Colleague: 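Below you will find the structure I want to go over with you.
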Protein chains: 2
Amino acid sequence: MLKSKVTISDVAKAAGVSSSAVSYALNDKPGVSAATRDKVLKVADKMGWRPNMAAKSLSNASVQSIGMVMTYDTQVLSVETYTMELIAGLTSELEKEGYSLTIRYASNQQAEMDVLRDWIATGGVDGVLLTNIELGDPRVELFSEHPEMPVLLLCDSSVAGGLTALSDDEQSTAHLLVDYCHELGHQRIARIAGPEELSHTFIRDNAFMEETAELDLQYSCFHTDYSPESGRKCTERLLSLPKPPTAIIYDNDVMAVSAVRTAKKLGISVPDQLSIIAWDDSFLCQVNMPSITALSRDVVARGRACARMLLGMIDGQDVKSTTDAPSELVFRDSSGPLVG
Amino acid sequence: MLKSKVTISDVAKAAGVSSSAVSYALNDKPGVSAATRDKVLKVADKMGWRPNMAAKSLSNASVQSIGMVMTYDTQVLSVETYTMELIAGLTSELEKEGYSLTIRYASNQQAEMDVLRDWIATGGVDGVLLTNIELGDPRVELFSEHPEMPVLLLCDSSVAGGLTALSDDEQSTAHLLVDYCHELGHQRIARIAGPEELSHTFIRDNAFMEETAELDLQYSCFHTDYSPESGRKCTERLLSLPKPPTAIIYDNDVMAVSAVRTAKKLGISVPDQLSIIAWDDSFLCQVNMPSITALSRDVVARGRACARMLLGMIDGQDVKSTTDAPSELVFRDSSGPLVG
DNA sequence: TTGTAAGCGTTATCAC
DNA sequence: GTGATAACGCTTACAA
C-alpha cells in the first residue's frame with residue numbers, strides 16, 4: 001500500500017512555500033518568482049520527487065500514455081514482425097515525451113470495442129492507434145462520435161471516414177509492382193492477398209485491377225488469412241490452372257516463402273517459370289534460397305511517425321492525414337523474365 | 001478536457017442512494033443490502049458508468065497494469081518474434097482481470113533504471129516483468145530494495161538474487177542437446193552463443209561445459225550479439241579450424257539459418273558433414289532448406305504464465321519461483337550422423 | 001443498512 | 001508573486 005512517496009506538499013513544506021507554488025515551479029509555469037522556482041526545483045530534486053501520474057490524470061485528465069489494442073491471434077504473431085517493429089518505433093518516440101504505450105488484448109471485435117469505449121469514457125489513454133481497419137469498421141464510427149479522443153488510423157484515408165490517417169501509397173506501389181512484372185514480360189500475373197475484410201487489401205485489390213487493366217494484363221486474385229497454409233493452397237490452385245500465372249505477388253513474406261516451396265514441389269522453377277514477389281520484406285526474404293524480391297518498408301520509422309502524429313494531436317495541433325513514401329522494391333533472385 | 005463521464009455520485013444521485021453505497025455495490029463488497037445493490041447496478045449499467053482508473057489508482061494505489069521496459073535495438077526486434085509472443089501471452093492473460101500492459105522504451109541501462117525507479121516511486125504500474133537479466137544486473141538490486149513492488153524475472157533463479165523468477169531448465173536442455181549430438185556420433189561440438197553478459201548465456205555456458213566434459217567431448221564456444229552477421233563470422237571461424245566441429249548449436253534461429261548459408265558457401269554439406277541445431281524454433285527453421293532441427297518453446301504460454309504469477313503477487317500471494325518444462329527438440333533435416 | 005466526510009496527489013481558481 | 005482552497009472520482013473509515 002505504501003510507496004516511497006514524496007508529494008508536492010512534502011516539497012512545499014521543505015521549501016517553505018505553498019503547494020501551488022511548487023506545482024507552478026515544477027511545471028515551468030508562470031506564477032512564481034525565479035528565486036522560489038530555483039529553490040523549489042532544488043529541493044524537489046534533492047527529495048527525489050516524482051510526479052504521480054494517477055493524481056495528475058485525475059486533476060487534468062492526461063495519463064501520458066497512448067493506447068493500442070492487440071487482436072492478432074497468436075499464430076500470426078509468432079511469424080510476423082510488423083507489430084513488434086511498430087511498437088518499437090512507437091515506444092522509442094513516445095519515450096522522448098515521457099509517454100508510455102498501453103496495450104490491451106481483445107480476442108474479438110466486440111471485446112476491442114469495449115476496450116475502446118472504456119478508454120473514451122474514462123480517458124484511460126490520451127490517444128489511440130488503430131490498425132487493421134476493415135471496411136465499414138465500427139471503430140471509425142465510434143471515434144467519429146468522439147472527436148475529443150485523439151486517434152490515428154493506419155489505413156488509406158479513403159476509408160478513414162474523415163479521421164486522421166497515416167497511409168501507405170498503395171496505388172503507387174501497385175503501379176510499381178505491375179510495371180515491374182510487365183517489363184519482365186509477364187502477361188498473366190496473380191496476387192495472393194490478405195483477408196478481404198481488411199481495408200488495405202481492398203485498396204490494393206482496386207489498385208491492382210486498375211493497373212493490370214491499363215497494361216492489358218491478365219490478373220487473378222485470391223484472398224487468404226495470411227497464413228503459410230492458406231498461401232500454399234492458393235498457390236497450388238493457381239499453378240494447376242490450364243494457363244497459370246507466371247508471376248505471383250504475395251501480400252506478406254511468409255506466404256511468399258511458402259510459395260517457393262510449393263513451386264519446387266510442383267517442379268516449377270523460380271524464377272525461370274515463375275516469379276515470386278513479397279509485399280513486405282524481412283529476414284525471411286533475404287535468407288531464403290532463392291532470396292525473394294520484396295517490397296521494403298521501414299516499419300519502425302512508421303511507428304515513430306505514428307507517435308509524433310498522435311503526440312501532436314494530443315497537443316491540440318491540427319494534424320493532417322499523411323501518406324508514407326512509396327515502398328521500395330528490393331530486387332532478388334525470385335523474380336525475373338520468363339525463360340523457355 | 002471533457003469526457004463522457006458518468007461518476008459514482010451521478011449514479012448515486014440517480015439511484016437515490018449515497019456514493020459509498022454505490023461504491024460498495026459496484027465493487028461487490030459488503031455494506032449494502034441486496035435490494036440497493038441490484039438497484040445501483042441496474043442504474044449504473046443504464047447510465048453507462050465506467051470506473052475511472054486515475055481516481056481508483058489515486059485512492060487505492062492500483063493502476064491495473066503491469067509494466068515492461070523494451071530495450072532491444074530495433075535491428076534485433078525486426079528479426080525475432082520472442083518478445084512479441086511474450087507480449088501476446090501476457091496481454092491475453094492480463095485481459096481476463098482487466099489489466100493492461102504498459103510498455104516503455106529505454107535506449108540503455110541507465111534509462112531503464114530511471115523508468116523502473118519511477119514506477120517504484122510513484123506506483124506507475126502494479127508489477128514489473130524483467131527480461132534479459134545480466135550478471136550483477138542492477139535491476140535485481142533495485143527490486144530487492146523495494147519488496148513492495150511485485151516483480152518477476154525471466155531468468156535462472158540462481159541469478160535472481162532471491163526475487164521471484166520463471167526459469168528455463170537450461171541444464172536439462174543442455175543435457176538433451178549434448179546427448180543428442182553424442183548419440184549421433186559427434187565428438188567435436190561447438191556452440192555459437194548469445195551475449196556473454198546475459199545471465200542465461202552464462203547458465204548455458206556452464207551447463208554445456210559440464211555436459212560435454214561428462215561425455216568427454218571436445219567443446220568450443222563463441223559469443224555473439226545474436227545477429228546473423230556475427231553468427232556468420234563465428235561459423236566461418238569455427239569451420240576454418242584444422243579440426244572443425246561437426247555439430248554446432250546456435251543460441252537463436254536466425255544465426256542457425258545464416259549458418260546453413262555459410263556452410264553451403266564453404267562447400268560443407270549439412271547435415272552429412274555438419275549438424276546445425278537452433279536454440280529456439282520458428283517459422284524460419286521450419287521452412288529453411290534444409291529445415292533446421294530446433295528447440296521448441298511455447299513462448300506465448302510462458303507469457304501467460306508470467307501474467308498469472310504477477311497477478312498472484314499483486315494479489316498478495318506468496319508466488320514461488322518456477323522452472324518451465326524442458327524444451328522439446330524438434331528433429332529436422334539439418335542434423336544427423338556424420339557421413340563419410 | 002445507510003450516509004457523511006476525509007483522504008489520495010495534482011492542478012487551477014481564487015483572494016490576498 | 002503568493003498561499004489557501006476547491007475540484008478531479010473513488011475508497012473507506014466512521015457516524016447515524
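Here the structure is a predicted model, which is why all the values come from computation and not from measurement.
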Colleague: Under the rule for side chain to side chain contact (heavy atoms under 4.5 Å, CB included), what residues qualify as partners of B:Thr102, not counting sequence neighbours?
Modeller: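 Result, side chain to side chain contact (heavy atoms under 4.5 Å, CB included) vs B:Thr102: A:Ser100, A:Thr102, B:Ser65, B:Trp119, B:Val125.
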
Colleague: Would you list the atom pairs, donor with acceptor, under 3.5 Å between side chains in residues 132-143 of chain A and any protein atom, with sequence neighbours excluded?
Modeller:
residue: A:Asn132; atom: OD1; partner: A:Tyr72; partner atom: OH; Å: 3.4
residue: A:Asn132; atom: ND2; partner: A:Tyr72; partner atom: OH; Å: 3.3
residue: A:Asp137; atom: OD1; partner: A:Arg139; partner atom: N; Å: 2.9
residue: A:Asp137; atom: OD1; partner: A:Arg139; partner atom: NE; Å: 2.9
residue: A:Asp137; atom: OD2; partner: A:Glu134; partner atom: N; Å: 2.9
residue: A:Asp137; atom: OD2; partner: A:Arg139; partner atom: NE; Å: 3.2
residue: A:Asp137; atom: OD2; partner: A:Arg139; partner atom: NH2; Å: 2.8
residue: A:Arg139; atom: NH1; partner: A:Glu112; partner atom: OE2; Å: 2.9
residue: A:Arg139; atom: NH1; partner: A:Thr131; partner atom: O; Å: 3.2
residue: A:Arg139; atom: NH2; partner: A:Thr131; partner atom: O; Å: 3.1
residue: A:Arg139; atom: NH2; partner: A:Asn132; partner atom: O; Å: 3.0

Colleague: What is the nucleic acid contact for A:Pro30, judged by heavy atoms within less than 4.0 Å: base, sugar-phosphate only, or nothing?
Modeller: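 Nothing, no heavy atom under 4.0 Å.
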
Colleague: Ignoring hydrogens and angles, write down the donor-acceptor pairs under 3.5 Å from the side chains of residues 151-160 of chain A, residues two or more places apart or on other chains.
Modeller:
residue: A:Asp156; atom: OD2; partner: A:Ser158; partner atom: N; Å: 3.0
residue: A:Asp156; atom: OD2; partner: A:Ser158; partner atom: OG; Å: 2.7

Colleague: In whole angstroms, how far is the P atom of D:dC10 from the CD1 atom of B:Ile8?
Modeller: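 After rounding, the gap between these two atoms is 5 Å.
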
Colleague: Would you mind reading off the distance between A:Leu26 atom CG and C:dT11 atom C1', rounded to a whole angstrom?
Modeller: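 It works out to 12 Å between those atoms.
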
Colleague: Heavy atoms only, 4.0 Å cut-off, all strands: where does A:Thr36 land among base, sugar-phosphate and nothing?
Modeller: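 Since only primed, P, OP1 and OP2 atoms lie under 4.0 Å of A:Thr36, the category is sugar-phosphate.
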
Colleague: Please name all residues satisfying side chain to side chain contact (heavy atoms under 4.5 Å, CB included) with A:Thr323, sequence neighbours left out, ordered by chain then number.
Modeller: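 Side chain to side chain contact (heavy atoms under 4.5 Å, CB included) list for A:Thr323, sorted by chain: A:Ser167, A:Asp169.
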
Colleague: Measure the distance from NZ on B:Lys56 to P on C:dG9 and round it to the nearest whole Å.
Modeller: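 These atoms are roughly 18 Å apart.
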
Colleague: Are A:Val17 and A:Val32 packed together at the side-chain level, in the sense that at least one heavy-atom pair is separated by less than 4.5 angstrom?
Modeller: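 With C-beta onward as the side chain, the pair stays apart.
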
Colleague: Do A:Asp10 and A:Trp49 touch side chain to side chain, with heavy atoms closer than 4.5 Å?
Modeller: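 They are not in side-chain contact.
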
Colleague: If I take atom CG in residue A:Asp28 and atom C1' in nucleotide C:dT11, what distance separates them, rounded to the nearest angstrom?
Modeller: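 Taking atom C1' of C:dT11 as the reference, CG of A:Asp28 is at 15 Å.
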
Colleague: Taking for each residue the nucleotide of DNA chain C bearing the nearest heavy atom, is the 5' side occupied by B:Ser33 or by A:Lys29?
Modeller: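 Looking at DNA chain C, the more 5' nearest nucleotide goes with B:Ser33.
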
Colleague: What pairs meet the salt bridge (charged side-chain N to carboxylate O under 4.0 Å, His left out) rule with one or both residues in residues 118-130 of chain B, with sequence neighbours excluded?
Modeller: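 Sorted result for residues 118-130 of chain B: A:Arg50-B:Asp118.
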
Colleague: Tell me which nucleotide among C:dT1, C:dT10, D:dT11 gets nearest to the side chain of B:Ser23.
Modeller: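 The nucleotide sitting nearest to the side chain is D:dT11.
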
Colleague: For nucleotides 6-8 of chain D, list the nitrogen or oxygen atoms of the protein found under 3.5 Å from its nitrogen or oxygen atoms, one pair per line.
Modeller:
residue: D:dC8; atom: O2; partner: A:Leu58; partner atom: O; Å: 3.3
residue: D:dC8; atom: O2; partner: A:Ser59; partner atom: N; Å: 3.3

Colleague: Side-chain polar contacts of residues 37-47 of chain B - donor-acceptor pairs under 3.5 angstrom, sequence neighbours left out - could you list them?
Modeller:
residue: B:Arg37; atom: NH2; partner: B:Lys29; partner atom: O; Å: 2.4

Colleague: Report which part of the nucleic acid B:Arg50 touches: base, sugar-phosphate, or nothing (heavy-atom distance under 4.0 Å, all strands).
Modeller: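 Sugar-phosphate: the residue B:Arg50, judged by heavy atoms under 4.0 Å, touches backbone atoms but no base.
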
Colleague: Please tabulate the protein-to-nucleotide N/O contacts below 3.5 Å involving nucleotides 3-5 of chain C, giving atom names and distances.
Modeller:
residue: C:dG3; atom: OP2; partner: B:Ser18; partner atom: N; Å: 2.8
residue: C:dG3; atom: OP2; partner: B:Ser18; partner atom: OG; Å: 3.4
residue: C:dG3; atom: N7; partner: B:Ser20; partner atom: OG; Å: 3.0
residue: C:dT4; atom: O4; partner: B:Ser20; partner atom: OG; Å: 2.9

Colleague: I'd like to check the side chain to side chain contact (heavy atoms under 4.5 Å, CB included) partners of B:Asp315; sequence neighbours left out, ordered by chain and number.
Modeller: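 Here the qualifying residues are B:Gln317.
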
Colleague: Between A:Met47 (CE) and C:dG9 (P), how many Å, whole number?
Modeller: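 Atom-to-atom, A:Met47 to C:dG9, this comes out as 13 Å.
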
Colleague: Could you list the residues that satisfy side chain to side chain contact (heavy atoms under 4.5 Å, CB included) with A:Thr322, not counting sequence neighbours?
Modeller: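 Listed in chain order: A:Leu166, A:Met309.
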
Colleague: Find the bend of the helix from C:dT1-D:dA16 to C:dC16-D:dG1 as the angle between its two terminal axes (five pairs each), to the nearest 10°.
Modeller: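 Its terminal axes enclose an angle near 50°.
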
Colleague: For B:Asp38 and C:dT2, give me the distance from atom CG to atom P, rounded to whole Å.
Modeller: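 It works out to 12 Å between those atoms.
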
Colleague: Taking salt bridge (charged side-chain N to carboxylate O under 4.0 Å, His left out) as the cut-off, I'd like each qualifying pair that reaches into residues 89-98 of chain A, sequence neighbours left out, listed once.
Modeller: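 Salt bridge (charged side-chain N to carboxylate O under 4.0 Å, His left out) check on residues 89-98 of chain A returns A:Glu93-A:Lys96, A:Glu93-A:Arg308, A:Glu95-B:Arg104.
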
